Amino acid sequence: MKAYSTLLLPLCLLAAAPGQAAMIGNGDFQSCDFSHWQQDTDGLGSPSAGQDFTIENQAGNCRALLSVDDGQSTQAFFANTLYQELDLQVQTGEQLWLSFDWHFFGNDGDPQLGDYFNVGLNDGLGNLYGADGLSGVLLQSSTYAAGTFSIMLDNSFYNQTGWFLDFTLQEGAVIGDGLFSTLAIDNVQLNTFVSSINEPGLPLLMLAGAAALCVRRRRAQ
C-alpha cells in the first residue's frame, strides 16, 4: 500500500459516525417487567390470568418468556403474542438494523405437528412482513434451539409509523397433548447505522487529503 493510502485509511475510519440506538423500550427487559410491551392471547388482548407471559429473573438478569401448554397453566388456545410499536425515524444516510436473542424450548418439539414461533413486522392491520418489505416473517421455527437474529430493514420502512414488532408463539396441530413450549426473548434492539460520513468528519478528510499530497510531493522530489 502507498504511504498516502496508509494515512487515509485510519483517518477515514475516525470520520465514520458511530451507530445510534433507535427507540425500543425495555428491549433488554432489565426492568424485570413488561413495561413498553403489549400482550395478546388468541386475539383477545392480554390474558387475565395464567402463565402465558412471565419474566425470568436470574439474579437481576431478566428476559421475557412466552408459553403455551394446552391450557394447563396458560390461557392460550391458539397463540400468545408479545409486541411493541417501532420507532422507524431515521436521518439521511442512516440504515436501521434489528436484532434480538431468542431461545425456544420445551417438550413439544415435533417439527411437523408441534408448537412453533414466528417473528414479524406487523402493519397494525394484522399483516406480517419480512425485513425486505414483502409479505412474510423475519424468523420462523418449530425446532428447539437458541440464537441471535440480526438483519437490516428495507428502506421502505424508514420514517413510517404504525409498525409493530411481533413475537408470536403458536400451539401445534395436536391440541390436548399435555405438552408445552416456551419462547424466551432478550436484547431486542433497533439501531441506526450511518452509512455516509457526517459533517464533523469532513475536517479529518481534508487533513487526510493534505497529508497525502505532502507525501506524494516528497516522493516525487
Side-chain angles (χ1 to χ4, degrees), residues 21-29 31 33-48 50-56 62-69 74-89 96-106 108 114-172 180-191:
M23 181 60 72
I24 289 242
N26 195 26
D28 57 5
F29 299 97
S31 64
D33 59 23
F34 285 105
S35 59
H36 297 279
W37 293 91
Q38 294 178 272
Q39 305 168 5
D40 179 81
T41 295
D42 296 337
L44 301 174
S46 181
S48 59
Q51 300 296 306
D52 298 77
F53 302 91
T54 57
I55 294 291
E56 180 184 73
C62 297
R63 63 178 183 172
L65 303 181
L66 291 71
S67 298
V68 290
D69 63 4
T74 66
Q75 300 297 301
F77 188 74
F78 297 111
N80 281 319
T81 299
L82 186 68
Y83 63 101
Q84 181 174 154
E85 187 169 1
L86 295 173
D87 178 358
L88 299 172
Q89 300 305 304
L96 283 173
W97 282 85
L98 175 70
S99 64
F100 54 86
D101 296 335
W102 61 275
H103 182 194
F104 187 39
F105 59 94
D108 195 6
D115 305 327
Y116 63 99
F117 77 91
N118 60 60
V119 185
L121 299 171
N122 192 318
D123 63 0
L125 300 174
N127 304 306
L128 295 181
Y129 292 80
D132 56 5
L134 301 178
S135 178
V137 296
L138 297 166
L139 177 65
Q140 184 175 72
S141 180
S142 59
T143 302
Y144 288 154
T148 295
F149 182 86
S150 180
I151 199 165
M152 185 179 74
L153 301 187
D154 185 79
N155 59 18
S156 61
F157 292 108
Y158 296 0
N159 298 315
Q160 301 299 311
T161 59
W163 284 90
F164 298 79
L165 176 62
D166 284 11
F167 294 94
T168 300
L169 176 60
Q170 298 192 248
E171 282 276 13
F180 78 93
S181 292
T182 296
L183 174 64
I185 299 297
D186 200 2
N187 298 318
V188 186
Q189 299 182 52
L190 183 63
N191 294 319

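Every value quoted in this text rests on a predicted model; they were computed, and no experiment measured them. Hydrogens, waters and symmetry mates play no part in the numbers below; they use all other heavy atoms, side chains included.
- Between W163 and Y129, the ring centre distance stays below 6.0 Å.
- Atom NE2 in H103 sits 11.0 Å away from atom CD1 in I185 (nearest 0.5 Å).
- Under the 4.5 Å side-chain criterion, counting only non-hydrogen atoms from C-beta, Q140 is in contact with Y116.
- With contacts defined as side-chain heavy-atom distances shorter than 4.5 Å, the pair I55/F34 qualifies.
- Judged by distance alone, with hydrogens and angles left aside, the side-chain atoms of N26 form no donor-acceptor pair with the main-chain N or O of W37 at under 3.5 Å.
- For the pair A131 and F157, the tightest heavy-atom approach, listed with the atom from each and the gap, is O-CE1, 3.6 Å.
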Apply side-chain contact (heavy atoms from CB on, under 4.5 Å) to residues D115 and L183 and explain how you reach the verdict. CA-CA 10 Å; D115 305 327; L183 174 64; over 6 Å; no

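- At distances below 3.5 Å, not a single donor-acceptor pair connects side-chain atoms of D28 with backbone N or O atoms of N187.
- Separation of atoms CZ (F105) and OG1 (T182) is listed at 4.5 Å; rounding is to 0.5 Å.
- A donor-acceptor contact shorter than 3.5 Å links the side chain of Q84 to the backbone of G25.
- Contact record, Q39 with P47: OE1-CD, 4.1 Å, taken as the closest heavy-atom pair.
- Between V119 and D166 the shortest side-chain heavy-atom distance does not fall below 4.5 Å.
- The shortest side-chain heavy-atom distance between W102 and F167 does not fall under the 4.5 Å cut-off.
- Y158 contributes a side-chain N or O that, together with a main-chain N or O of L96, makes up a donor-acceptor pair within less than 3.5 Å.
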One pair to check against side-chain contact (heavy atoms from CB on, under 4.5 Å): L139 and F117. What are the steps and the verdict? CA-CA 8 Å; L139 177 65; F117 77 91; 3.9 Å; yes

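- For I151 against W97, the heavy-atom pair with the smallest separation is C-CE3, 3.3 Å.
- Side-chain contact between N122 and T81 is absent, with no heavy atoms from C-beta onward closer than 4.5 Å.
- Taken to the nearest 0.5 Å, the CE atom of M152 stands 14.0 Å off from the CG atom of N191.
- Checking T168, D52, D42 one by one against N80, the side-chain hydrogen bond (donor to acceptor under 3.5 Å, both in side chains) holds for a single residue, D52.
- Checking side-chain atoms of Y144 against main-chain N and O of D108 turns up a donor-acceptor pair under 3.5 Å.
- Aromatic ring centres of F149 and F100 lie closer together than 6.0 Å.
- Between I24 and L86 the shortest side-chain heavy-atom distance falls below 4.5 Å.
- When all heavy atoms of S67 and T74 are compared, the pair lying nearest together is O-CG2, 3.8 Å.
- The shortest non-hydrogen separation linking V68 to A76 is CG1-CB, 4.1 Å.
- Distance OG/S150 to CG/D101: 10.0 Å, rounded to 0.5 Å.
- Judged purely by atom type and a 3.5 angstrom limit, D40 uses its side chain to pair as donor or acceptor with the backbone of G45.
- Here the OG-CD distance, from S46 to Q75, works out to 10.5 Å after rounding to the nearest 0.5 Å.
- Side chains of E56 and T54 form no contact here, defined as non-hydrogen atoms less than 4.5 Å apart.
- The CG atom of L65 sits 10.0 Å away from the CD atom of Q51 when rounded to the nearest 0.5 Å.
- T41 approaches F53 most closely through the heavy-atom pair OG1-CE1, 3.6 Å.
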